[in-house]
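See structure below.
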Amino acid sequence: MASRLLLLEARKPNPNPETKCSESQGKRSVTHLGGGSEVIYSPRFLSSERAWAWFDYLDKEIPWTRPLIHVFGRSYTQPRDTCYVASEGLTDLKYSGYQPHAYTWDEYPVLRDILEAVHEVLPGSRFNSLLLNRYKCGSDYVAWHSDNEKLYGPTPEIASVSFGCERNFLLKKKPAKKEEEPSKKQSKVALRNVHSFLLKHGSLLVMSGHTQRDWLHSVPKHSKPGSVRINLTFRQILL
Ligand SMILES: O=C(O)CCC(=O)C(=O)O
Ligand SMILES: [Fe+2]
């Protein structure tokens with residue numbers, strides 16, 4: 001799987017070859033989670049400058065909403081802003097009892113540029129939908145979940161690009177089915193099995209293989225007030 005994910009930094013004409021590729025020096029890490037699940041993290045996918053230009057566009061131009069969602073029979077206001085973009089003719093996305101309106105790529109052409117930058121570093125990928133999230137401050141979050149909707153198929157590749165305030169992204173293994181209450185020792189082991197990535201401005205994180213089937217991920221609340229963070233997750237809806 002790793003060989004398929006030929007991760008390069010987003011290419012941009014370099015005006016000064018003497019200072020060659022300072023933006024491509026960020027180390028890429030590949031985390032094998034076991035059982036055919038894998039995460040690749042590239043902290044400097046985009047130059048800071050390019051990422052701030054896109055941040056400003058996204059913050060101002062995207063029609064952000066904070067929808068009502070339904071989880072375990074209760075209604076909540078989603079604890080972050082959201083928006084959804086998809087190619088035409090695809091199955092509608094629905095999560096937590098909420099079906100977002102699908103905007104088109106033509107309405108927000110910059111999103112196509114970002115998509116192109118992602119496609120460039122993930123050869124063979126064909127993302128056709130995008131979920132956008134805006135965390136206005138440290139108390140905005142996304143709870144533990146997996147993006148295992150049927151419309152993405154059994155082994156979805158999800159590419160996540162982050163802008164603005166750095167936040168922690170956590171991954172933990174889903175509990176085995178019919179498991180009894182974990183013992184204290186097991187809980188300690190479970191804690192050790194949480195993987196944490198500090199998602200930097202302009203970074204790219206890719207989840208692939210069985211990550212959505214076997215693992216949960218979250219962006220927890222942060223104790224400091226923090227500032228705005230925008231995250232884009234590109235996905236492929238299978239036809
Ligand atoms: O904000 C992030 O880094 C993750 C967002 C996420 O998990 C999602 O949109 O499904
Ligand atoms: Fe997610």
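The figures here come from the full heavy-atom set of this structure, side chains too, leaving out hydrogens, waters and symmetry mates. First listed ligand is number 1; within each ligand, the first listed atom is number 1.
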Counting from 1, what ligand 1 atoms have a heavy atom of [X] closer than 4.0 Å?
| X | answer |
| --- | --- |
| Asp147 | 10 (O) |
| Asn231 | 1 (O), 2 (C), 3 (O), 4 (C), 5 (C) |
| Thr233 | 9 (O) |
| Leu131 | 9 (O) |
| Leu199 | 3 (O) |
| His217 | 7 (O) |

Minimum heavy-atom distance [X]-[Y], with the two atoms named:
| X | Y | answer |
| --- | --- | --- |
| Tyr141 | Pro220 | CB-C, 3.9 Å |
| His217 | Phe169 | CB-CZ, 3.5 Å |
| Asp147 | Gln212 | N-OE1, 2.7 Å |

Looking at Pro43, is its backbone amide N or carbonyl O close enough to the side chain of Ser203 to form a donor-acceptor pair, meaning the two atoms are under 3.5 Å apart? no
**Q.** N/O donor-acceptor pair under 3.5 Å between Ser129 side chain and Arg235 backbone
**A.** yes
| task | Please find out if less than 6.0 Å separates the ring center of His195 from that of Phe197. | result | no
Closest protein heavy atom (residue, atom, distance) for [atom]:
| atom | answer |
| --- | --- |
| atom 8 (C) of ligand 1 | Arg235 NH2, 3.5 Å |
| atom 3 (O) of ligand 1 | Arg229 NH2, 2.8 Å |
| atom 1 (O) of ligand 1 | Tyr135 OH, 2.5 Å |
| atom 9 (O) of ligand 1 | Asn133 ND2, 2.8 Å |

task = Output all residues satisfying ring pair (Phe, Tyr, Trp, His ring centres under 6.0 Å) with Phe55, sequence neighbours left out; order by chain, then residue number.
result =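 By the ring pair (Phe, Tyr, Trp, His ring centres under 6.0 Å) rule, Phe55 matches Trp52.
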In this structure, CG of Leu199 is separated from SG of Cys165 (nearest 0.5 Å) by 11.0 Å
Q.
Let me confirm one number: the CZ-NZ distance from Arg44 to Lys27, rounded to the nearest 0.5 Å.
A.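 The CZ atom of Arg44 sits 9.0 Å away from the NZ atom of Lys27.
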Return all protein N, O or S atoms below 2.8 Å from the Fe ion (ligand 2), chain by chain in residue order.
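Near the Fe ion (ligand 2), below 2.8 Å, one finds His145 NE2, Asp147 OD2, His217 NE2.
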Practice prompt. With side chain to side chain contact (heavy atoms under 4.5 Å, CB included) as the test, would you mind laying out the steps for Leu33 and Asp214 before giving the verdict?
Written response: CA-CA 10 Å; Leu33 298 168; Asp214 296 345; over 6 Å; no
*asked:* Could you check whether any heavy atom of His145 sits closer than 4.0 Å to an atom of ligand 1, since that is the contact criterion I want to use?
replied: yes
Worksheet item: Has Met207 got any heavy atom lying under 4.0 angstrom from an atom of ligand 1?
Response: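 Per 4.0 Å heavy-atom rule, Met207 does not contact ligand 1.
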Only one of Thr91, Leu90, Leu151 passes side chain to side chain contact (heavy atoms under 4.5 Å, CB included) with Leu239; say which it is.
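Exactly one pass, corresponding to Leu90.
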Start with the C-alpha distance between Thr82 and Leu131, add both sets of side-chain angles, then the distance that settles side chain to side chain contact (heavy atoms under 4.5 Å, CB included), and finish with yes or no.
CA-CA 7 Å; Thr82 193; Leu131 194 62; 4.0 Å; yes
